[in-house]
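For reference, the structure discussed in these notes is given below.
Values reported hereafter were calculated over all heavy atoms of this structure, with side chains retained and with hydrogens, waters and symmetry mates removed. Labels below follow one simple rule: chain letters A, B, ... track the order of the sequence lines, proteins then strands, and each chain is numbered from 1.
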Amino acid sequence: MPNAADDAVVRAEGLTKVFADFWLRQKAVAVDGISFSIERDEIFGLLGPNGSGKSTTIKMILGLLRRTRGLLSVFGKDPTDVEVKRRIGYLPEETYMYRFLTPQETLDFYGRLFGLGRDVRRRRAGELLEMVGLSHAAHRPVGEFSKGMARRLGIAQSLINDPDLLILDEPTSGLDPLGTRQVKDLLLDLGRRGKTILLSSHQLDDVQDVCDRMVILYGGRIRSEGTVDQLLEDSGRTVITVPHLDAGTEERVRRLLESQAGVHVERVASPRQRLEDLFMRIVEAARSDQAQTSGARAGGPTAAFLRGEAAEGDGLIGSLVTDDAPMAAAAPAPVAPAGADRSVLEALGAASAPPDAPAPVSPSKPEARPAPAARPAPDASVDRSVIDDLLGGGDRP
Amino acid sequence: MIELLRRMHRWAEDRLRGPRARLVAAVLCVAAVAAAAWPAWSVAQSLSAQRSGILSALGRASAADRDPSAMQLLEARTVSANGRTYGGPRLISRPIDLFDEDGRMSPESREDLAWRLVAEQVPPWLPSFLARSPVQVAILAVVLATVLALVAWSGILVPAAEIGVPVLALAAGLWVAGFPSATQWTVAAALSFLLFVLLWRAARALLAFRSGVVAVASNTVIEGIRSMAAPGFALPVAMLLPVLVLSRAPQDPLYQAIPGFLDWGHTAVFAFSAVFVLFFGCATTAFEMRDRQVWSVVTKPVSPAGWMVGKWVGTLVLGLATALGGMILLGIGAHVLAAQAPLDEQDARDVRNGVLVARSGTAPSYEILAPERLREMVDQAIEADAVLRADLANGTQDEAAVRRALATERQKEFLDQQRRIGPGDSREFTFAGLAPAVRAGLPVALRFKLHGGGDDEHQRFTTMFQFTTGEGAGAWETREWTPGDPYTFRIDPRFIGDDGTFRVRIWNAGFDEVAKQPVPNPITVFIQPDSLEVMVTESTFERNLGRALLVDACKLAFLSALAVVAGSILSFPIAVLLAFGVFLMASLAPFLSQALEHQSVDDKLGWLAKGFQHAILGVATAVEWAFRSFGERSPSDSLAQGRAIAIPALVSAVAGIGVLWTGAVLAVGWVAMRRKEVAVYSGQG
C-alpha cells in the first residue's frame, strides 16, 4: 500500500484488471498495468475510445470492482474502505436515479447516506437544485424527467457531500451547450477551490478546456500522459493573431517573413469563432429578450456550500456563473477595425506582443495553474496528430 | 380532465407541504369534527337529561301504593318530569304491562320506557346508538378527530380526500339505493385501507434517522408504497376482512362464525404479507442491481452488505405493516361479530366460554402397556405368525426392527381403545395438574371434538358428561354435537378435586327426559389425541393476537431475508423461484411430516429403484426436518380455537425462526455481498 502521507489523492501502480468467465478463464484484460497519480487540487482527464479501460479504472477507484494486480490507493487507503467514500462524489456515465423519488427526496436520500443532518441536507439540496436549474421541478418524480434534467440531478447528487475528490464519467452527456458550458465553468470553479477532479469524457473539447493533466488510454494501457500544453502544443509552428489585413498588407507580410526570416508561410486565413461561442451569444440575446422556453431553465450560481467562504477573485468567477450570465462571457471573435496598425506588423522581427489585441476569452483557470494555450480559433492550428493517430484518424470533435 | 385533476392534486399538495400548513389542516379537521359532533352531542345530552328526569319520576312509581306517578301512567298514560309531560296513548298502549306482580316497575322496564318516551325526538340524521349516549358521541368524535388529524399531519390529507370523497359518494348512493350491506362494506374497506396508509406513514417516520442503512430502508419503504406494491397487497386484505364479517348469515351460530372468521382471516393476512415480502424483496434488490441504482448507493459510505441489510429492513417493515394492519382488523372484526345477536342462549354461552379467549389445554392421561405386558404381546404376535417366524429365523427380517414395530403397533392400539366409546357405553377420563388454575380462580372449560358415523356434518348426536370428582361429583351435563366440530363448556371449579384432578365420564348416549332413561347413540364415538382437553384461560384474546403477530413477524423476517439475499445475488426470476420454493416447502412441512409416516422403501424393487426411493425419502426427510418448525407454528388454529400461544413456543419461534434462521440467511448474504463485485464488465470482447 502506498504511503498514506503521500499527497496524491489517487495513486495507481501496475494496476491491472482481468475479467474471467464463470469457469475462471480469462475473458478480457480491461486494464493492463497502468500507473498514474492524481495530485491534490488538480483536474485530471481520462481519455480513450470505448473499451479502452476508462470506466473500469474509475470503477476500481470507486471500489465497484476489485483489482486483479497492482496497487491502487485513494486518499492513501484501499478504495473499498467505506470511510474513503465520504470524501468522494461520483457521477456515473448513465444517471441511475430512483424514478419514484423527487429531486428533493433524491438529494435528501443521498445526504442521509453521508450522515448529513436534516438542516444541512435541506439547505444543500435547495442550493444544488438552484444551481443546476431544477428548483422548479423539485417535487416532480424523477421518472418524468428528460435525460438532460436527470443528468443535472446526477451532477447535483455528486456534490451533496462537498467532496474532496469528484469523479465524473461523461458529465456533459445529455446536456445542451448551455448546460455543458455551465458544467465546465462549475468544474473550473471547483478546481479553483481545491477540489480534485477526475474527468472521463469523449468530448475532447470539454477535456481540453478544463483539464490540467490527462492520460490517454487504449487497449487498457496508457498511450500518452501529460499536461494539456505538453500534449497539444505544436512547437514546430507559430501562430500570430492580428486584426484584419487587407490583401496588400498580407502579401507584404508574407514576403517579409520569407525574405527576413526564411520562413515559408503555410497558411493565411481568417479565424473562425467556435460554434459554442456563437450559440451562447444567440441564447444570451434571446434570454435578454425574455423569450419563453419549456425546457430546462438556466442554472443558478455555484452552491454556497461549495463556494465556501468568499475568496479573492470571487467577483470575476461569480460574474461568469451568475444567473444573468450562466456561461462565461464569451467575447465575440476579435474583429479588427479596418486599417490595422502597421507599426505592429513592422515590428514583427522584434517579436513584440501586440498589446491591444484582445485575446478570445475562454474560461480562465486560476493563476496557480499553468495558463492553458489561448483557445485556438481555427482547428487546423492545433496538432491533433496524437489523438487522431490513436483514433485511427477519427472525426474531429 | 385528467390533466386538470393532476394539476389540482399538485396545487393542493404544494399548499399542504410545509409543517405549518399541515398543522393548520389538522386543526381545521379537528374543528370540523367538533362542529359536526356538537349538534349530535347536544341532542344526545338533552335526551339523556330528559331520560334522567323520567327515570327519577318513575323511580317512585308504585301501582300498589297508588303513587301519583304510577296513577298518572295508568290513567293518563303519561309521565311528568321537570315540568314536561311525555307519553300518550300512541306511545303507551298497555301501561299495566309495565308493572310486575308487586305493582312495581323493574329497572329494565323503566329504562325501556324512558327511552321510548324521548325516542321520537331523535332527528333522522342521528343514529340511535349515538342518541342514547352523549359519551359515545364524544368518544366517536375524539377517535374521528384523532384519525383525521393524523391524516392531515402525516401529509396524506389530499390523497385521503381524493379517495375518501368518491368512496363516501358511492356509499351514499348505495345507501339510497337500498343496499345497506354494500354501504357498510364500502365504508369499512375504505377505513381499513386508510389504516394501512397510516401504518406506512408511521413506518417512514420511524425510519427517519440519518444512518446509511436506515436511509436505504426508508427509501425501500417509499419504493414499496409508490410502486403500488404494498397497496396492491394491502387492498385485498382491506376488502376481504369486512366481507368475511358481513357475510355471516343470521342463522349461523356465532360460536362457529367467529372462529371461522379468525381462521380464514388470519390465514389470508399472513398469506398476503408473506407473498408480498417474497415478491417485493426479490424485486427491489434484483432490479436495483440490474438497473445499477445500487452503484449510486455503494459509492457512498454504505457497503454492499449494508445496502442489502437496509433492503431487508425496509421490506420487513412493509410486511409487518401489512400484518399489523391485518391483525388490528381481525381483532375489530371479531369484536364486531361478537357484538351481534347470538343464535340462542347456548350460542351466547359458547361464545363467552369458547371464543375471544386465550386458553391452554391439558390432555387426559391414558394408561400405557407395561413393558412386561408389551413384551408378552409381541411374543404372542410373533408366535402366531408362522411366516414372520420363518423370516426371522432365516434372517430375512431384522428381529429388533420387527419387535419395535409390533410394540409400537400394540401400544397404539391400546391407546386407541381408551379413546373409543361404543354405542351406549361410557368411559372415564382423568385430567391432572389443575390445582394452580383453581387457586388462581382462572376460568376452566372442557373442550371436546367427537368423531363417528363417517363424520357426516348433517348428523347431530347427544352426549352426557358425568362429573365424578370434587364437591360437585355426580352432576351431569348434556351436550348436542355434530361430528368433527369442536365444542366447549365451562366447568364449575367445584368439579375439580383438591389435588387438582378432574374426572369426567363420557356417555355415548342422550337422555330421554320423558322416559327418564338414556338413549344410546347408534354410532361408536372416537376421540382423537387432541380432541379432548381441559382448557384454562390464561390470557386475553387481544394478548393472544399480539403473540400471533410476533410469531408471524418472525416468519416474515425470515422470508424477507430470504428474498432480499436471493435478489441481491441472483436474477429476479431465479430469486423468485428460490424464495417461493423455500416458502412452499416450509409451509407444507407439516403435511410432508404426515405423509412420511406412511412412506417406506419397497424392498421388492431393484437396486436402482430402491436407491431412487431412498434418495427421495432422504431429501423429503431433510426438508421436513429443516422446516418442520416453520409450518407447525401457525397461529391461525390457535386463534380460531381460542388456544393461547404458549410462552415457550413464542420464545422458540423468536429464537429459532426470528434469530437463528434469519441470521443464518443474512450471514450468507453478507458474505456473498462482501465478495461480490457490484459492477460488471462493460468493455469489448
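- Counting heavy-atom pairs closer than 4.5 Å to chain B, the top-ranked of the candidates A:M97, A:R118, A:R140 is A:M97.
- Among A:G89, A:G111, A:G117, the residue making the largest number of heavy-atom pairs under 4.5 Å with chain B is A:G117.
- Interatomic distance, CG of A:L62 versus CH2 of B:W295, reported as 9.5 Å (0.5 Å rounding).
- A cation-pi arrangement, defined by a distance under 6.0 Å to the six-membered ring centre and an angle within 45 degrees of its axis, is present between A:R124 and A:F305.
- For the pair B:R290 and B:F572, the cation-pi test (distance below 6.0 Å, angle within 45°) is failed.
- For the pair B:S218/A:R112, a side-chain contact is recorded, criterion being any heavy-atom separation below 4.5 Å from C-beta on.
- In this structure, chain A has heavy atoms under 4.5 Å from both the backbone and the side chain of B:S303.
- Heavy atoms closer than 4.5 Å to chain B are found nowhere in A:E94, neither backbone nor side chain.
- To the nearest 0.5 Å, atom CG of residue B:N219 and atom CD of residue B:E288 are 7.0 Å apart.
- Highest contact tally toward chain B, considering only A:N161, A:L101, A:D81, is held by A:L101 [criterion: heavy-atom pairs under 4.5 Å].
- Residue A:I167 does not touch chain B at all, counting heavy-atom pairs closer than 4.5 Å.
- When heavy atoms are compared at a cutoff of 4.5 Å, A:R121 approaches chain B solely by way of its side chain, counted from C-beta outward.
- Between chain B and the residues A:H139, A:Q157, A:R86, the most heavy-atom pairs under 4.5 angstrom are made by A:H139.
- Annotation for A:R67 and A:L15: closest pair CB-CD1, 3.6 Å, computed over non-hydrogen atoms.
- No other option in B:D14, B:V213, B:V302, B:I222 has as many heavy-atom pairs under 4.5 Å with chain A as B:I222.
- Between chain A and the options B:E13, B:K676, B:E223, the largest number of non-hydrogen pairs under 4.5 Å is found for B:E223.
- Going from atom CE of B:M308 over to atom OG of B:S568 covers 6.0 Å, rounded to the nearest 0.5 Å.
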